[in-house]
J.: 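First the structure, then my questions, so here it is.
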Amino acid sequence: LLGACALTAAAQNRPPKLEPLPEPPPPPPGKVDDASLQPQITIKKRGEDNFTSPCDVADLLSRMLSGPELSPEWRARVFDILSVQKLNSKLPANIPFADVDDIETFLAHKTAELPGCEHDAGVFFHRGSRPVVTVVLTEGIGHRVEGAAFCARIGKIGYDAFLPEQ
């Protein structure tokens, strides 16, 4: 897990809120459904919030990787989708690669951004049968560039620690 729970700036002592969120009310006539475009902002506008932790996200990725919830076909589809992430300024940013498409061969990840937060979570597959789940969640960062740089440092540490043997 690469110490994701200890390395995150968002580690907080609160239990995960796992109950399903209520359906948002329908948008007024003639309005774009804000909830489909920006769910987290909409949740906050309703006076609610949802929380997660690096351990929650790592558990989800681990279950997607090897849990009984997904068939092999769905598992392959999920990681095919995660491997084509085009925002590569976080976990893979400090990893040497010749072409951006090379990232798809060793990292399947998903980024997220909210005001004051930069996140990236994924699975490094470059060590054969021992995939490495890596999660970085930040909170209260001064500037988004600082959060992306933090994610990139963690990604490089993980990549170097589990570098394929030459």
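The structure displayed is predicted, hence computed values, not measured ones.
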J.: Would His119 and Thr111 satisfy side-chain contact (heavy atoms from CB on, under 4.5 Å), going step by step from the backbone distance to the final call?
T.: CA-CA 6 Å; His119 309 319; Thr111 61; over 6 Å; no
J.: According to a 4.5 Å side-chain heavy-atom criterion applied to Ile, Leu, Val, Met, Phe, Trp and Tyr, with indirect links allowed, do Leu87 and Phe79 form part of one hydrophobic cluster?
T.: no
J.: Taking the ring of Phe106 and the ring of Tyr159, is the distance between their centroids below 6.0 Å?
T.: yes
J.: Calculate, to the nearest 0.5 Å, the distance between atoms CG and CZ belonging to Asn94 and Arg153 respectively.
T.: 8.5 Å
J.: Would Glu69 and Arg75 count as a salt bridge (charged side-chain N to carboxylate O under 4.0 Å, His left out) if you check the C-alpha gap in whole Å, the side-chain angles of each, and the deciding distance to 0.1 Å?
T.: CA-CA 9 Å; Glu69 295 86 357; Arg75 181 171 286 114; 5.9 Å; no
J.: For the hydrophobic clusters of this structure (ILVMFWY residues joined by side-chain heavy atoms under 4.5 Å, transitively), does one cluster hold both Val84 and Val100?
T.: no
J.: So which of Gln85, His109, Glu113 actually passes side-chain hydrogen bond (donor to acceptor under 3.5 Å, both in side chains) with Lys90?
T.: Glu113
J.: Could you tell me whether the side chain of Asp160 and the main chain of Ile157 form a donor-acceptor pair under 3.5 Å?
T.: no
J.: Would a single hydrophobic cluster contain both Phe97 and Val132, if residues Ile, Leu, Val, Met, Phe, Trp and Tyr are joined by side-chain heavy-atom contacts under 4.5 Å?
T.: yes
J.: Assess the residue pair Asp101 and Ile103 against the criterion (side-chain contact (heavy atoms from CB on, under 4.5 Å)); give the C-alpha distance rounded to whole Å, side-chain angles, the decisive distance to 0.1 Å, and a yes or no.
T.: CA-CA 5 Å; Asp101 291 335; Ile103 295 169; over 6 Å; no
J.: Check the hydrophobic clustering (I, L, V, M, F, W, Y; side-chain heavy atoms under 4.5 Å; chains of links allowed) and say if Trp74 and Phe125 are grouped together.
T.: yes
J.: Heavy atoms, side chains only, cut-off 4.5 Å: are Phe150 and Ile141 in contact?
T.: no
J.: So which heavy atom on Val78 is nearest to which on Met64, and how close?
T.: CG1-CE, 3.1 Å
J.: Can you name the closest pair of heavy atoms from Pro131 and Val123 and give their distance?
T.: CB-CG1, 3.5 Å
